[in-house]
Amino acid sequence: MRKRSFLSILSLVLCLMLSLPALAEVTITFLDEDDDSSVSQNQTTLPDSSASSGAREAFIEDIIALGQKEYEHTNGRAQEAQYSSSIFICKNFTVYLFRQNAEKYRMAEYPDVALKIPDNLPKDQCTDFSYGIVWKDIPASEGNPFEVAAQFIYDPNLSKEENRENAREFMKNVQKGDYFQMSAKYYYGTGAHSLIFIADYDPETGTVRWMDSNMKGEKRNGIRYAYVQFDAVKDIDWFVDAFCQKNRGATLYRLRDDIIYAD
């Protein structure tokens, strides 16, 4: 009885298929009598919503891998960081890591526009805060794939304690791949510095991990030399101490979510 019912249903399905236009490919799966599974049909596969996320993560991994390669290549040796052409000046280093990998990626919203990283906002345009906290405001339509994820600028209308609390909360936003721009006064020097975080903020230890060049350095016969760092680790209070000062601050720049592979 069951077999006759199955054949009747199958016959009806085949008749319907022959009477309809060929709109889609249909696959019929013939099953054993004892199999309780139903007849199956091909379904349209939707675009993978994680495709752009995968490209974004790959971009970040490429940048970090190159930073590690440069760190291993320098092998603890100081590198010339005196002249504008040197990739071992702090901002030059982070820009170099970006540019060496950017050609392989685009933004889904602007797939025909090559990616580029903004320069620091010029000193004469930094009227209400110190140079080194922010980049030029380049729109995504012109190739800037970064967005401001978080920012802290010292507020003179708040107490020192309130500013420190805001600065600490700001540092808790750190994510892997974030570009970090700060104006600071700390053990290694005074002024602007650029680096790239290589891991999310760790709330269990209160620490962040990063890579950079020229945070640590020295002068020899009037020439600046820099050291490349990879997987450097500090408590976030170390950074708070560095940039939580009058007119100073920091910005986290983060790659947009719609990073895709270039054609």
Side-chain angles (χ1 to χ4, degrees), residues 63-64 66-68 70-71 74 76 78-99 117-126 128-136 146 148-154 163-164 166-168 170-199 201 207-219 223-255:
I63 289 171
I64 293 175
L66 183 57
Q68 183 174 9
E70 291 295 337
Y71 168 75
T74 60
Q79 307 295 311
E80 180 269 305
Q82 179 71 23
Y83 307 105
S84 60
S85 59
S86 172
I87 68 166
F88 295 104
I89 295 172
C90 61
K91 180 62 186 279
N92 288 6
F93 185 70
T94 58
V95 169
Y96 166 77
L97 299 181
F98 175 88
R99 288 178 176 170
I117 185 170
D119 294 329
N120 288 351
L121 189 69
K123 290 182 179 180
D124 60 1
Q125 296 182 37
C126 300
D128 299 323
F129 46 80
S130 299
Y131 168 78
I133 299 175
V134 299
W135 293 350
K136 290 181 178 178
F146 290 94
V148 174
Q151 186 174 77
F152 169 83
I153 297 177
Y154 195 93
N163 272 290
R164 282 190 62 85
N166 289 341
R168 292 191 87 256
F170 159 78
M171 286 299 300
K172 293 178 182 179
N173 288 286
V174 167
Q175 291 185 11
K176 180 179 180 179
D178 285 353
Y179 270 59
F180 182 70
Q181 196 67 50
M182 72 174 177
S183 172
K185 183 177 182 181
Y186 57 132
Y187 177 78
Y188 298 114
T190 300
H193 186 66
S194 306
L195 57 83
I196 303 170
F197 288 109
I198 64 172
Y201 164 69
T207 59
V208 289
R209 297 163 52 202
W210 78 93
M211 61 182 182
D212 67 0
S213 178
N214 204 32
M215 175 182 280
K216 297 180 179 180
E218 59 189 43
K219 278 198 172 184
I223 303 298
R224 174 73 179 183
Y225 288 85
Y227 293 95
V228 176
Q229 296 188 105
F230 184 83
D231 204 11
V233 183
K234 291 287 188 184
D235 188 286
I236 59 171
D237 284 328
W238 186 86
F239 280 95
V240 171
D241 290 340
F243 65 72
C244 186
Q245 302 172 37
K246 187 177 180 180
N247 295 327
R248 301 191 184 277
T251 304
L252 286 172
Y253 289 97
R254 185 169 299 159
L255 284 172

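Start at 1 with the first residue, then count along the sequence. Since this is a predicted model, take the numbers as computed values, not measurements. Keep in mind that the numbers below use all heavy atoms, side chains included, and drop hydrogens, waters and symmetry copies.
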Next on the checklist: Given Cys126, which partner from the list Asn247, Ile133, Asn120, Leu121 fulfils the side-chain contact (heavy atoms from CB on, under 4.5 Å) test?
Outcome noted: Leu121
Next on the checklist: Looking at Asn92 and Ser86, would you say the former's side chain and the latter's main chain have a donor-acceptor pair under 3.5 Å?
Outcome noted: yes
Item to check | Phe243-Phe170 aromatic ring centre distance below 6.0 Å | outcome: yes
Checklist entry - Any idea which heavy atoms bring Leu195 and Met211 closest together, and the distance? => result CB-O, 3.5 Å
Item to check | Lys246 atom NZ, over 12 foreign heavy atoms within 6.0 Å | outcome: no
Next on the checklist: Looking at every non-hydrogen atom in both residues, tell me the closest pair between Ile117 and Tyr179 and how far apart they are.
Outcome noted: CD1-CE2, 3.5 Å
Item to check | Gln245 side chain vs Lys185 backbone, donor-acceptor pair below 3.5 Å | outcome: yes
Checklist entry - Can you name the closest pair of heavy atoms from Arg254 and Asn173 and give their distance? => result NH2-O, 2.8 Å
Checklist entry - Is the ring centre of Phe180 less than 6.0 Å from the ring centre of Trp210? => result no
Item to check | Tyr83 to Ile223 - nearest heavy-atom pair and separation | outcome: OH-CD1, 3.2 Å
Checklist entry - Are the side chains of Asp241 and Tyr186 in touch, meaning some heavy atoms are under 4.5 Å apart? => result no
Item to check | Stacked cation flag Lys216 on Tyr227, 6.0 angstrom / 45 deg | outcome: no
Next on the checklist: Using modelled atom types and a 3.5 Å cut-off, is there a donor and acceptor pairing between side-chain atoms of Gln151 and backbone atoms of Thr251?
Outcome noted: no
Item to check | Whether Glu218 side chain and Tyr225 backbone form a donor-acceptor pair below 3.5 Å | outcome: no
Next on the checklist: Apply ring-ring contact (aromatic ring centres under 6.0 Å, His included) to residues Phe98 and Phe146 and explain how you reach the verdict.
Outcome noted: CA-CA 11 Å; Phe98 175 88; Phe146 290 94; 5.6 Å; yes
